Amino acid sequence: MAIPQSFLDELKQRSDIESVVSGYVQLKRQGRTSKGLCPFHSEKTPSMVVYHENQSFYCFGCGAGGDVISFVMRIENLGYVEAVKFLAERAGMELPEEEREDPSLRIKPLIYEINRLTARFYHERLLSPEGEPGRAYFAGRQLTPKTITKYGLGYAPPGWDNLRNFLRSKGFTDEQMLQAAVVVRGKNNSCYDAFRNRVIFPIIDLRKNVIGFGGRVLDDSKPKYLNSSDTPVFKKSQNLFSLNFAKNLQDGRLILAEGYMDVIAVNQAGFENVVATLGTSLTAEQSRLMAQYAKEVIIAYDSDGAGRTATSRAVGLLEAVGIKTRILSMKGAKDPDEYIKTFGAQRFKLLLEDAGNVTEYQLSVLKAKYDLDTLDQRSAYANEAASYLATVPNAIERELYAGSVAQDTGLPLGTVLARINELRKKRERASRKKEWSEIEQGRIPGEAAGSPGARRTSAAAQAEEGIIAGLLRHPDEAASLQAQLSPEDFVTDEGRAVYGIILQKLQQNSSVSLTDLSGELTPEQMNLASRCLARQGEVSLTPRVLADYAAALREQKFREQLRTAPKTEEDAIRMAALLQSKKK
């Protein structure tokens, strides 16, 4: 949506980026910049820099960057227009009338209101005479009235149109209810309630908005759990149940449980720092969300096969965002809810403190697969355990757990360590082979093709960054640049897109600050633009600098042509032509 430039200019004047960011992050001023811990990934050493001069931010740890609007979009999980509205309200400004008519601004508040009324409807049904089946279920799960009120739990009675008729009486249309996903469309095009004869768990975001619902059957029918479909205010993969309570944790630790009842049982026992995913396996987005609040996550999944599989997946995702993980081993119970009911909250607290590390957990899972009373099973376990330990980077940890494997299998410690070292050397050889292959393909070892790290280190990528930074700082140099380089000369998709957008705006006599671009660039493109400003400093596109940049881009283009050119004999002439053009 086009927002008048005059409005954006005034919004920039009233929304100093340091003032906005400091509302979420403790910043330390250092001359013309400020520095703080990045809220978009877990870190101990500050790597996010706020640049006062050009009103931008950039994290040298995770690569997040942009202007003040981009920051609000990320931290508040808002769209562009919503972030502008958020900042405008903060600055005491009103969006122009035509912008306030934008559908994206109308539909979300409407869905929030439908969800609020729906949550109230289900809660009141739970407390009414017809809610006896729901109350009986919660009583059987030993939930107190205080907990039921705290979570706003509810009951969807049997019937196809209870909620639909209630919301109609409040003036909402079936189409609006469909957008909120509280009703679904039937075969005859009519709408009926999405939840029927289920206990209801409202899902609440960090700003206390009801964004969705989970529902559980009262018997053994399927599906056992049903969750709201994704809507403009709710994405299952990007939210966590009970984070609105857990976000105030004091010790930097979250407990990750498997479902609604586990979370509520743990919370009722006195542990507020517990969350769960929403009917899906843990996602990368949820891992990054947890990294904003926690340095350590204790995984408390069910102890069955599915729970172990989910645990292994979660460990990888959490470690990828820098979160230390530990695994809860609940002997005598299948899940946290059952453990607390059986042994009490104090024992659960001790269990949390004694949670094992990832290596210990993974070896226990491997060990459970084998019957160690037989020689062939001990051999198989020793080989699989050695294969896993070969991936552990810490030498002391490897040797300690190698001793455990030796003890379990009756093998000499030296034999186990020798096998681990043999496998490590094999992995190192494979890694070196992969690195050499990447080098031959013109990529940086360990970086995916086109990744931010790869782009930062190649000469062509530095040329792209220098060109973009130069244009952002000195747009008057665009004419001479455009005559020599077109977007097609760029070697990365994001660089090509950002360069093209900047040129287009300059052709329209528009300014090209990050705020002017934030409505048109994707988050990844905004990361690139802010990284260019952060890394390239004061760039002036002099004829000599521009010639060097152009040469670097042509060099990379040539390398790509050379790498992808067919290697058959009949193409030898084409290869020779390429080599000849390189010499010119």
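Quantities reported herein were computed from a predicted structural model and do not represent experimental measurements. FYI, side chains are in, hydrogens and waters are out, and symmetry mates aren't considered; it's all heavy atoms of this structure. In this chain, residues are counted from 1 in sequence order.
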Side chains of [X] and [Y]: is there a donor and an acceptor less than 3.5 Å apart?
| X | Y | answer |
| --- | --- | --- |
| Thr359 | Glu397 | yes |
| Thr33 | Gln30 | no |
| Asn115 | Thr118 | no |

Sequence neighbours excluded and cut-off under 3.5 Å, please list the side-chain donor-acceptor pairs for residues 266-279, or say none.
from	atom 1	to	atom 2	distance (Å)
Asn267	OD1	Lys150	NZ	2.7
Asn267	ND2	Tyr151	OH	3.1
Gln268	OE1	Thr144	N	3.0
Gln268	OE1	Thr144	OG1	3.4
Gln268	OE1	Thr147	OG1	2.7
Gln268	NE2	Gln142	O	2.9
Glu272	OE2	Lys150	NZ	2.3
Asn273	ND2	Arg253	O	2.8
Thr277	OG1	Thr280	O	2.8

Walk me through whether Leu27 and Ser22 qualify under side chain to side chain contact (heavy atoms under 4.5 Å, CB included). CA-CA 6 Å; Leu27 295 175; Ser22 63; 4.2 Å; yes
Before accepting this row, confirm whether a basic side-chain N of the pair Glu76/Arg207 lies closer than 4.0 Å to the acidic partner's carboxylate O.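 A salt bridge is present here (some side-chain N lies under 4.0 Å from a carboxylate O).
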Note, Phe172 side chain near Leu117 side chain (heavy atom, < 4.5 Å):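 A side-chain contact exists here, since the closest heavy-atom pair is under 4.5 Å.
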Quick check: are there more than 12 heavy atoms from other residues, nucleotides or ligands sitting under 6.0 Å from [atom1] of [X]?
| X | atom1 | answer |
| --- | --- | --- |
| Asp493 | CG | no |
| Arg90 | CZ | yes |
| Lys505 | NZ | yes |

Is a side-chain N or O of Ser511 found less than 3.5 angstrom from the main chain of Ser513, in a donor-acceptor match?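 No; zero donor-acceptor contacts below 3.5 Å.
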Would you check if the side chain of Gln55 reaches a backbone N or O of Ile17 as a donor-acceptor pair within less than 3.5 Å?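 Yes, Gln55 side chain to Ile17 backbone: donor-acceptor pair under 3.5 Å.
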